Undergrad: 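Handing you a structure now.
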Amino acid sequence: MRNNEAAAKHHRLIYLLSVAHRRLQRWMAAQPQNTVTPAQAGLLFILGRQDGVLIGEAGAALDLGPAGISGLVDRTAAAGLIERRADREDGRAWRIWLTPKGRSALAQAKTSAAEVNAALTEGFTAAEIDIVARWLTSIQNKFPRGADE
């Protein structure tokens, strides 16, 4: 079953998605147990999967441009969660690595993310959440990064 254009307009999807994003980001940032911002947590998750990634690779994974990832790396390094090291093969490139403090913050971020995901999915069946995930993924495919630059 496909939504027709009138039904899709009725749901105000752009507004609902925008408000949901802002509220979730604000709520997560305001939690006293969260020692990192949601953006920093995203960077820590990437480094938790593969420590020592190039800064540009981390930016691409987080859907951030050069200025965005540079600022995020600066703030996260200033917090003592990551460190920059010159790439061994290309002295112009920089890689980022978790610090011990960053590993501890990553563990806390994983716990917090699991709790938030449980709250987000509460009251919905697995099949419904699969549809939501498919819809959100489709947005990335319909509006790819770089198409707006």
Side-chain angles (χ1 to χ4, degrees), residues 8 11-149:
H11 289 296
R12 305 177 324 159
L13 296 174
I14 296 167
Y15 169 76
L16 292 172
L17 188 59
S18 179
V19 169
H21 175 258
R22 282 194 308 273
R23 287 193 184 180
L24 182 59
Q25 292 288 323
R26 280 194 306 258
W27 183 87
M28 289 172 58
Q31 297 309 297
Q33 75 273 16
N34 290 347
T35 58
V36 297
T37 67
Q40 288 172 327
L43 182 57
L44 297 179
F45 282 129
I46 288 174
L47 295 175
R49 281 192 304 261
Q50 182 185 351
D51 211 5
V53 299
L54 290 167
I55 290 177
E57 291 171 344
L62 292 171
D63 201 28
L64 295 173
I69 189 63
S70 179
L72 178 58
V73 166
D74 287 347
R75 291 186 302 280
T76 310
L81 303 171
I82 63 170
E83 64 182 17
R84 291 180 195 88
R85 297 182 201 158
D87 184 80
R88 290 185 176 139
E89 288 141 23
D90 182 353
R92 299 167 296 168
W94 291 88
R95 294 187 176 272
I96 46 179
W97 302 84
L98 285 169
T99 64
K101 182 178 178 183
R103 289 188 194 290
S104 176
L106 172 59
Q108 172 58 46
K110 285 181 179 181
T111 299
S112 294
E115 292 168 357
V116 171
N117 278 323
L120 289 171
T121 58
E122 184 179 341
F124 295 92
T125 67
E128 289 170 324
I129 296 303
D130 287 345
I131 291 169
V132 171
R134 184 170 63 89
W135 179 73
L136 291 170
T137 300
S138 80
I139 293 171
Q140 295 173 41
N141 296 330
K142 292 172 185 169
F143 305 98
R145 179 161 177 79
D148 59 347
E149 296 172 351

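Keep in mind that this is a model prediction, so the values were computed, not measured. No hydrogens, no waters, no symmetry mates; every other heavy atom, side chains included, goes into these values.
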Undergrad: Take Thr76 and Thr37, measure what side-chain contact (heavy atoms from CB on, under 4.5 Å) needs, and give me the verdict at the end.
TA: CA-CA 9 Å; Thr76 310; Thr37 67; over 6 Å; no
Undergrad: Provide the closest heavy-atom pair for Leu98 versus Gly48 in the form atom of the first, atom of the second, distance.
TA: CD1-N, 4.0 Å
Undergrad: Please confirm whether the backbone N or O of Ala107 pairs with a side-chain atom of Thr111, one donor and one acceptor, at under 3.5 Å?
TA: yes
Undergrad: Partners of Ile14 by side chain to side chain contact (heavy atoms under 4.5 Å, CB included), sequence neighbours excluded?
TA: none
Undergrad: Which residues satisfy the side-chain hydrogen bond (donor to acceptor under 3.5 Å, both in side chains) test with Asp87, sequence neighbours excluded?
TA: Arg95
Undergrad: For Ile69 versus Ile55, what's the shortest heavy-atom pair and its separation?
TA: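 Looking at all heavy atoms of both residues, the shortest contact is CG1-O, 3.6 Å.
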Undergrad: Tell me the closest heavy-atom pair linking Gly80 and Lys101, and the distance in Å.
TA: O-CB, 3.6 Å
Undergrad: I'd like to check the side-chain hydrogen bond (donor to acceptor under 3.5 Å, both in side chains) partners of Asp90; sequence neighbours left out, ordered by chain and number.
TA: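 With neighbours one apart ignored, the set is Arg92.
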Undergrad: Taking all atoms of both residues into account, what is the closest heavy-atom pair of Ala93 and Leu54, and its distance?
TA: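 Closest approach of Ala93 to Leu54: CB-CD2, 3.8 Å.
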Undergrad: Do any pairs count as a salt bridge (charged side-chain N to carboxylate O under 4.0 Å, His left out) and have a residue in residues 15-34, sequence neighbours left out, and if so which ones?
TA: none
Undergrad: Can you list every salt bridge (charged side-chain N to carboxylate O under 4.0 Å, His left out) pair that touches residues 119-132, not counting sequence neighbours?
TA: none
Undergrad: Sequence neighbours left out, what passes side-chain hydrogen bond (donor to acceptor under 3.5 Å, both in side chains) with Glu83? Give chain and number order.
TA: Arg85
Undergrad: Taking only residues two or more places apart in sequence or in another chain, which ones pass side chain to side chain contact (heavy atoms under 4.5 Å, CB included) with Ala41?
TA: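 Val36, Phe45, Ala109.
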Undergrad: Let me know which of Ile82, Leu72, Thr35 forms a side chain to side chain contact (heavy atoms under 4.5 Å, CB included) with Gln40.
TA: Leu72
Undergrad: What closest approach, in Å, do His11 and Leu16 show between heavy atoms, and which atom pair accounts for it?
TA: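 Taking His11 first and Leu16 second, the nearest heavy atoms are O-CD1, 2.7 Å.
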Undergrad: CH2 of Trp135 to CG of Leu17: how many Å apart, nearest 0.5 Å?
TA: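 These two atoms lie 4.5 Å from each other.
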Undergrad: Let me see the working for Leu81 and Leu43 under side-chain contact (heavy atoms from CB on, under 4.5 Å), right down to the final yes or no.
TA: CA-CA 10 Å; Leu81 303 171; Leu43 182 57; over 6 Å; no
Undergrad: Can a donor-acceptor pair be found, under 3.5 Å and without considering hydrogens, that links the side chain of Gln31 to the backbone of Trp27?
TA: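 Yes.
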Undergrad: For Glu57, what residues pass the side-chain hydrogen bond (donor to acceptor under 3.5 Å, both in side chains) criterion, not counting sequence neighbours?
TA: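 By the side-chain hydrogen bond (donor to acceptor under 3.5 Å, both in side chains) rule, Glu57 matches no residue at all.
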Undergrad: Quick test of your reading: applying salt bridge (charged side-chain N to carboxylate O under 4.0 Å, His left out), list the pairs with at least one residue in residues 67-76, sequence neighbours left out, ordered by first then second residue.
TA: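 Residue pairs passing salt bridge (charged side-chain N to carboxylate O under 4.0 Å, His left out), neighbours aside: Asp74-Arg84.
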Undergrad: Is any side-chain heavy atom of Leu106 less than 4.5 Å from a side-chain heavy atom of Leu47?
TA: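 Not touching, per the 4.5 Å side-chain cut-off.
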Undergrad: What residue pairs, at least two apart or across chains, pass side-chain hydrogen bond (donor to acceptor under 3.5 Å, both in side chains) with a residue in residues 42-53?
TA: Asp51-Arg103
Undergrad: Please report the interatomic distance CD1(Ile131) to OG(Ser138), rounded to the nearest 0.5 Å.
TA: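 OG of Ser138 is found 12.0 Å from CD1 of Ile131.
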Undergrad: For Ile129, what residues pass the side chain to side chain contact (heavy atoms under 4.5 Å, CB included) criterion, not counting sequence neighbours?
TA: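 In terms of side chain to side chain contact (heavy atoms under 4.5 Å, CB included), with neighbours along the sequence ignored, Ile129 is linked to Thr121, Phe124.
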Undergrad: Quick one: closest heavy-atom pair of Ile46 and Ala61, and the distance?
TA: CD1-CB, 3.3 Å
